[in-house]
There are 2 protein chains.
Amino acid sequence: MKEIDPKRSAVTMVDVAEAAGVSAITVSRSIRRPELVSEEARLRVAAAIERLGYVPDAAASALASKRTDVVGLLVPSLTNSVFSEVLRGIYDAVEETPYSVQIGNFRYSPSGEERLIRTFLRQKPAGMIVAGLDQTDSSRAMLERAECRVVQIMDQGPAPVDLAIGFSHRDGAVSAVEHLLEQGYERIGFMGARMDPRSQRRLAGFTEALKARGLFEARRVVTTPAASTVGLGGQLLGDLLARAPEVDAVFCNNDDLAAGALLEAARRGIEVPRQLGICGFNDLEMSRFLNPALSSVATPRYRIGRGALELLMQVIDAPEEKPEAVDLGTEIKARASTARRG
Amino acid sequence: MKEIDPKRSAVTMVDVAEAAGVSAITVSRSIRRPELVSEEARLRVAAAIERLGYVPDAAASALASKRTDVVGLLVPSLTNSVFSEVLRGIYDAVEETPYSVQIGNFRYSPSGEERLIRTFLRQKPAGMIVAGLDQTDSSRAMLERAECRVVQIMDQGPAPVDLAIGFSHRDGAVSAVEHLLEQGYERIGFMGARMDPRSQRRLAGFTEALKARGLFEARRVVTTPAASTVGLGGQLLGDLLARAPEVDAVFCNNDDLAAGALLEAARRGIEVPRQLGICGFNDLEMSRFLNPALSSVATPRYRIGRGALELLMQVIDAPEEKPEAVDLGTEIKARASTARRG
DNA sequence: CTGTTAGCGCTTTCAT
DNA sequence: ATGAAAGCGCTAACAG
């Protein structure tokens with residue numbers, strides 16, 4: 001049985017110092033800046049640390065030094081496959097630095113986001129990475145007053161709090177619509193779930209692109225506040241076809257929905273791409289292996305993650321630097337699911 | 001441009017106290033135990049906090065009180081869809097408590113896991129949740145000495161460090177094999193990627209179940225250390241069929257591989273389930289929407305997450321309590337992809 | 001290269 | 001219901 005005894009005072013730096021026959025500060029230095037300590041002292045300290053099972057106290061260190069090596073990361077979801085690539089980029093990049101990442105998941109709740117920002121700022125993070133440009137006023141104010149640099153990721157738009165790296169969701173949607181038009185589709189529908197601010201911008205791009213050509217029909221747009229899943233993609237395709245049976249193509253807000261639509265079309269005997277073109281968004285790993293392969297708008301998720309952390313590292317010791325917002329762009333991946341002319 | 005001025009000393013509790021005309025301790029109390037403070041004082045303090053933009057310092061609080069409200073969570077992956085459900089369970093459960101979760105991702109690296117455990121313990125977490133039972137000796141020793149309760153999740157086996165909740169990967173694999181045998185498949189192959197300890201146990205269950213019936217053939221097992229993806233599932237099916245063309249069914253280590261195998265079979269004109277039965281593991285959301293629907297071993301991921309946090313809450317203020325390890329079990333979902341007799 | 005001194009901002013403990 | 005004093009464990013700043 002595990003023994004938990006919070007009264008037994010833990011080993012402190014002073015204990016280690018006494019055991020090693022040096023002073024506390026030498027212990028501190030041999031942990032943080034070993035090059036400033038003689039090899040002999042360093043070895044004695046290391047041995048004492050090992051022998052006593054010393055674990056430095058992060059809170060005491062943070063309090064005394066007024067700094068931490070934590071980079072706070074705020075995302076709206078960990079289930080959404082989009083963010084897993086971003087995380088991979090961030091983790092890859094942070095591994096090359098002395099910093100560590102702490103994730104907060106606000107689950108698409110603005111008040112949850114405010115709460116998390118407050119919690120993170122209490123810890124005096126070395127930097128913050130937050131998803132999106134659309135924080136509440138109060139969240140935005142906290143980020144603006146924060147004593148650390150802030151990178152907003154995933155999106156692209158005017159007036160970021162500090163730094164920003166992402167892409168234009170509107171432009172991505174426009175390129176999808178243009179691709180579908182090029183392939184000869186003209187009665188194009190839209191399927192969207194969750195409809196967070198970025199999804200809204202994709203819908204806006206979709207709408208604009210079609211309106212510019214006089215091809216927009218409001219009834220061809222189906223959305224739901226529910227979270228995107230493959231199953232929901234099938235349902236939404238059913239809803240769309242019931243409301244607007246004439247649609248010859250559908251732009252899906254993301255690849256989960258698009259995969260669901262593709263599979264549902266197969267179940268209904270609807271031929272893709274001949275009878276119905278389907279285009280997704282994000283270009284998830286699985287999409288190109290579906291039958292037919294799913295066309296999609298590829299988004300630079302990994303590069304956003306890596307880029308965000310690199311941006312932060314670049315400015316973290318240079319408070320005066322302020323790089324421009326970075327637009328990484330998107331790329332349409334034309335595959336069989338929209339190859340009407342092929 | 002964002003102003004970062006680390007020299008400008010931040011607002012402290014004493015500043016708030018002066019502004020509110022009370023002492024620091026009253027400020028402290030009106031934040032943490034408002035019921036101990038008169039309403040008048042509380043209102044004045046709240047106003048002062050608001051006016052000055054006071055943000056309590058987490059490090060100072062942790063140092064003085066020797067406690068935090070952080071529950072550390074260590075997972076080997078955030079990309080692996082398996083953990084997203086676990087996270088959802090944990091987040092749902094923690095929302096009902098005053099604690100907050102901090103995720104560490106060790107990316108299937110044992111040394112990364114050690115490093116993260118060390119980092120987490122420095123913060124004196126209120127509790128720890130770690131994936132798996134197979135830590136290195138050094139990791140295990142740290143967890144055993146930790147001044148907090150520890151829950152190991154995802155697996156089931158002898159001698160957990162402290163608490164445990166999960167299911168038997170071996171039994172799950174056995175049930176998959178039994179299902180395939182019942183359906184009349186006899187030359188069953190195995191496809192596995194990553195092959196972490198839990199995957200190894202699934203392979204062990206697969207092997208045992210077939211050996212017991214004299215049906216095991218080593219060449220029908222293909223594995224790779226690479227991470228599971230849909231694309232890899234297609235490749236592994238190709239490898240398996242090249243090495244053992246006689247296989248009439250395949251048990252895949254997880255649903256990503258199984259989905260890839262299913263899609264690759266379609267591409268090759270192999271009829272599923274008639275010519276080839278395919279069974280996955282985990283029962284991801286998408287699996288039942290594939291064509292044909294994918295049979296899979298459903299794992300209680302959400303319940304593991306929620307259960308782990310609930311276990312922790314249950315023992316966190318009762319150091320003497322030590323519940324038994326919880327085995328949540330698995331359930332085979334028989335669907336079209338293995339319905340040979342159907 | 002090493003040590004001394006003086007806090008960091010908060011909470012605990014004990015008074016009142 | 002409120003406060004005064006003491007210190008949590010570490011590091012910055014300055015000596016030596």
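All chains are named by letter (A, B, ...) in the order of the sequence lines, taking the proteins before the strands, and each is independently numbered beginning at 1. These values consider heavy atoms only, across backbone and side chains, with no hydrogens, waters or symmetry-generated copies.
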Point to revise | Carboxylate-amine/guanidinium contact A/Arg88 A/Glu85, below 4.0 Å | key: yes
Practice item. Answer yes when A/Arg194 and A/Asp196 have at least one side-chain N-carboxylate O distance shorter than 4.0 Å, and no when they do not. Key: no
Quick one: [X] [atom1] to [N] [atom2], roughly how many Å, whole number?
X        : N     : atom1 : atom2 : value
A/Glu18  : D/dG9 : CD    : C1'   : 14 Å
B/Leu63  : C/dC8 : CG    : P     : 13 Å
A/Ile31  : D/dG9 : CD1   : P     : 15 Å
A/Lys124 : C/dC8 : NZ    : P     : 13 Å
B/Met13  : D/dA4 : CE    : P     : 15 Å

Point to revise | Test applied, side-chain contact (heavy atoms from CB on, under 4.5 Å); reference residue, A/Leu143; option that passes from A/Asp162, A/Leu74, A/Ile117 | key: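 With A/Leu143 as partner, side-chain contact (heavy atoms from CB on, under 4.5 Å) holds for just one option, A/Ile117.
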Give me the distances for all protein-to-nucleotides 12-16 of chain C N/O pairs that come in under 3.5 Å?
unit_1, atom_1, unit_2, atom_2, d
C/dT12, OP2, B/Arg32, NH1, 3.3

Review point. Strictly by modelled atom types, are B/Thr68 and B/Gln123 linked by a side-chain donor-acceptor pair under 3.5 Å?
Key: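 Distance-only check fails for B/Thr68 and B/Gln123.
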Indicate whether OP1 or OP2 belonging to [N] is found under 4.0 Å from a side-chain N or O atom of [X].
X       : N     : answer
A/Lys66 : C/dG9 : yes
A/Thr12 : D/dC8 : no
A/Ser23 : C/dG3 : yes

For residues 305-312 of chain A, run the donor-acceptor check on the side chains, cut-off 3.5 Å, and write out each pair with its distance to 0.1 Å, sequence neighbours left out.
unit_1, atom_1, unit_2, atom_2, d
A/Arg306, NE, A/Tyr302, OH, 3.4
A/Arg306, NH1, A/Glu310, OE2, 2.9
A/Arg306, NH2, A/Glu96, OE2, 3.2

Check your understanding: Is any side-chain heavy atom of A/Ile31 less than 4.5 Å from a side-chain heavy atom of A/Ile49?
Key -> yes
Review point. In Å, rounded to the nearest 0.5 Å, how long is the span from OG1 of B/Thr79 to CZ of B/Arg107?
Key: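 If I round to the nearest 0.5 Å, the distance is 7.5 Å.
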Check your understanding: More than 12 heavy atoms of other residues, nucleotides or ligands under 6.0 Å from CD of B/Glu35: is that the case?
Key ->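 More than 12 within 6.0 Å, yes.
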Exercise for review: Please tell me which of B/Arg122 and B/Thr26 maps to the more 5' nucleotide of DNA chain D, matching each residue to the nucleotide holding its nearest heavy atom.
Suggested key: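 It is B/Thr26 whose nearest nucleotide is closer to the 5' end.
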Check your understanding: Under the 3.5 angstrom rule, does the side chain of B/Asp92 hit a backbone N or O of B/Gly89 as a donor-acceptor pair?
Key ->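 Judged by distance alone, no pair lies under 3.5 Å.
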Review point. Which ones in residues 33-42 of chain B lie close to DNA chain C, meaning a heavy atom under 4.0 Å from one of its atoms?
Key: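 Close to the strand, none.
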